[in-house]
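Notes follow the structure.
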Amino acid sequence: MTPEELSAAVRACLQEAVDAGELALPASAVPQSVRVERPRNRDHGDWATSVALQLAKPAGLPPRQVAEVVAGRLASVAGVKSVDVAGPGFLNVTLDAAAAGELARAVVEAGPAFGRTGALAGRKVNLEFVSANPTGPVHLGGTRWAAVGDSLARVLQAAGADVTREYYFNDHGAQIDRFARSLLARANGQDAPEDGYGGDYIEEIATTIVTDALAADGRDPRNLPEPEALEAFRSRGVALMFDEVKKSLHDFRVDFDVYFHEDSLHSSGAVATVVQQLKDSGRLFEADGAWWLRSTEFGDDKDRVVIKSDGNPAYVAGDLAYLRDKRARGFDLCIYLLGADHHGYVARLKAAAAAFGDDPDVVEVLIGQMVNLVRDGVPVRMSKRAGTVVTMEDLVEAVGVDAARYALVRSSVDSQIDVDLDLLVKRTNDNPVFYVQYAHARTSGVGRNSRDLGVRTEDGFDPSLLDHATESALLAAIGDFPRVVAQAAELREPHRVARYLEALAGSYHKWYDERRVTPMGEEAVTDVHRTRLWLNDATRTVLANGLDLLGVGAPDRM
RNA sequence: GCGCCCGUAGCUCAACGGAUAGAGCAUCUGACUACGGAUCAGAAGGUUGCAGGUUCGAGUCCUGCCGGGCGCGCCA
């Protein structure tokens, strides 16, 4: 029996009780779906629901009395072993071992599909994340958003959404000009300008640009007149940096469906069109020589300049056109994953939607807190000047993709997290990813061993044999997976999957310690071995599906 | 000053408004002569920053403080 089936059974019992006049409840008070959860304390049964507590008030009865009514009916449902009313009115349900054990087969047969739901079916979602400026490599903060964003995309897809991963490439404006000037200066052996970029990578790119140009046609771009030289270094530099960023992301197993170039919004005239539309609809006003969007009408804390007094579009102009573009491409939900230093954008992006008469709820902004670099327990301020910037490549080189992704995705984005490179390099066991991966490797090993000794799942399955406490705990954990995934998708919190996997791995290790799958010596193969192998394989399926949602490998051996 | 996030075990972090607040690491004690000990069993460790409030029930919601982070450009 799956939790979904139990939930439906509880609801049916409620409905019956209402129909029979045992509960005086308005039809609207009967919940559409009853929440069934694993109790924290295993003594409280396999599953629990607090529905009686919630219905006590509308029913005008003490909660325990409501619970008794439901319990009486639920106890006779096939597969339910016992129902207890506990505490203030919780319903604690224990399933027949056989009914609970059926889950093992269902999971194995579902395979990679187990955990997928239709919770977000029909939603066309644009998920924008990382979107770092092409003026340098992806740093630690961007790495967090890469891990979280990609995992969130996978979780949303598992919930049935149609997801496009998108990267907004800010290849337009003053920052890029500074980048180009920095490259040119370095190519000429000069220091970077005061407001420029000075990392080693600038030197490398500058050198590459010159070398490539000389190899191509023998013309040194440094000898061009300054405007042309700047343009040469700008376009080549951005392209090289872009390639490097893409490569880092790819090596981190994060590939975007769309790399959107901000510059294209300006060169295509999209920005001009959008500005004209806003002028026509009276959403813009002129003051101090500039054109302003009256975004305060839509919840922003101040109005925003869209066209600067020098006639050039301000950054928001690109945001406006970009959101229009996303909507025109058919997305009904546009999620932005941004760092805490951008939280001021939330109101602005919502206003960008509202200014066009669009529903602000199509824009959803997730603000993630910063990543601190720590060395020996002391926070290190990341600074390009001091050479203390840690990049995505540094992190991967130090701990590997699996450990890096897992460490960054297992915490809520609301929490600031500390990354201590020295610690991660020294004691990688600190990372719970190995606990989870080891559990998967163990399921694989058990499968290999038992099959070598002739245990075949297809020869038998008797779920009533799964009667040990560690077995009901493991089955309950397995059964919880679809709910966890759906909840992670709904709340946009992929870290829940990681925490769930740690608990599942724990349940598996405890079971492994208590129950043996592989026959000993000349022992004959029986349904006990076969049935346990089903449970082993079911666990392996869920661990693999869960790790996949995090973009972390599920090794067969470690 | 205003806005957003955070404050939970020694450390890093969890916990749809639910029952005795949980994991990992660190500390201590046990378990390999048969599935890999990257494991398991157990101990210790907490006034969930403080003070009020909401209700059957608050780490979670509301108000006010205290502490930390990040923002508040005709920069991008």
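The model shown is predicted, which means the values in this text are computed figures rather than measured ones. Residue numbering restarts at 1 for every chain, and letters A, B, ... go by the order of the sequence lines.
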Under 3.5 Å, sequence neighbours excluded: what are the donor-acceptor pairs made by side chains of residues 306-323 of chain A?
{"unit_1": "A:Asp310", "atom_1": "OD1", "unit_2": "A:Asn312", "atom_2": "N", "d": "2.8"}
{"unit_1": "A:Asp310", "atom_1": "OD2", "unit_2": "A:Asn312", "atom_2": "ND2", "d": "3.3"}
{"unit_1": "A:Tyr315", "atom_1": "OH", "unit_2": "A:Asn170", "atom_2": "ND2", "d": "2.9"}
{"unit_1": "A:Tyr322", "atom_1": "OH", "unit_2": "A:Glu166", "atom_2": "OE2", "d": "2.7"}

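- The pairing partner recorded for B:G22 is B:C13, the criterion being a Watson-Crick or G-U wobble arrangement whose two distances lie under 3.5 angstrom.
- At a threshold of 4.0 angstrom between heavy atoms, the contacts of A:Gln416 include nucleobase atoms, whether or not backbone atoms are also involved.
- For B:G24, the base is not stacked against the aromatic ring of A:Tyr435, per a cut-off of 5.5 Å between centres and 30° between planes.
- Across the strands present, B:C35 finds no partner; the criterion is a Watson-Crick or G-U wobble pair with both atom distances under 3.5 angstrom.
- Panel note: side chain A:Ser295, backbone A:Lys302; a donor-acceptor pair is recorded below 3.5 Å.
- Of the candidate nucleotides B:G18, B:C16, B:A14, B:C16 has the atom lying nearest to any side-chain atom of A:Arg496.
- Ring-base stacking between A:His44 and B:A19 is satisfied, the centre separation being under 5.5 Å and the plane angle under 30°.
- Listed candidates were B:C35, B:C74, B:G18. Nearest to the side chain of A:Thr518 is B:C35.
- Within 4.0 Å (heavy atoms only), A:Gly521 reaches at least one base atom of the nucleic acid.
- Using a 4.0 Å heavy-atom criterion, one finds that A:Ser411 contacts the sugar-phosphate atoms exclusively.
- The pairing partner recorded for B:A43 is B:U27, the criterion being a Watson-Crick or G-U wobble arrangement whose two distances lie under 3.5 angstrom.
- Proximity note for A:Arg35 (side chain, C-beta onward) versus B:C16, B:C56, B:C35: the nearest is B:C16.
- Within the shown strands, B:C2 is the pairing partner of B:G71 under the Watson-Crick or G-U definition, both distances less than 3.5 Å.
- A donor-acceptor contact under 3.5 Å links the side chain of A:Asn92 to the base of B:A19.
- In this structure, A:Arg38 contributes its side chain and A:Gly479 its backbone to no donor-acceptor pair below 3.5 Å.
- Nucleic acid contact for A:Asn449: sugar-phosphate only, since backbone atoms but no base atoms lie under 4.0 Å from a heavy atom of the residue.
- For A:Tyr259 and A:Phe169, the ring centers sit 6.0 Å or farther from each other.
- Among the atoms of the strands shown, none is found under 4.0 Å from any heavy atom of A:Glu514.
- Within 4.0 Å of A:Ala174, counting heavy atoms only, lie sugar-phosphate atoms of the nucleic acid but no base atom.
- Using a 4.0 Å heavy-atom criterion, one finds that A:Ser412 contacts the sugar-phosphate atoms exclusively.
- Backbone-only contact: A:Asp418 has heavy atoms under 4.0 Å from sugar-phosphate atoms and none from a base.
- Nearest nucleotide to the side chain of A:Met558, out of B:A34, B:A38, B:C16: B:A38.
- A:Asp171 and A:His261 share a side-chain donor-acceptor pair at under 3.5 Å.
- Closest approach to the A:Glu502 side chain among B:U39, B:C35, B:A23 is made by B:A23 (side chain taken as heavy atoms from C-beta onward).
- Looking at heavy-atom distances under 4.0 Å, A:Ala503 makes no contact with the nucleic acid at all.
- Residue A:Ala86 is in base contact, counting any heavy-atom pair closer than 4.0 Å across all strands shown.
- Stacking between A:Tyr512 and B:C35 is present: the aromatic ring centre lies within less than 5.5 angstrom of the base six-membered ring centre, and the two planes differ by under 30 degrees.
- Within the 4.0 angstrom heavy-atom criterion, no nucleotide atom of any strand lies near A:Gly87.
- Looking only at atom types and distance, the side chain of A:His529 has no donor-acceptor partner in the side chain of A:Arg516 under 3.5 Å away.
- Within the 4.0 angstrom heavy-atom criterion, base atoms lie near A:Leu53.
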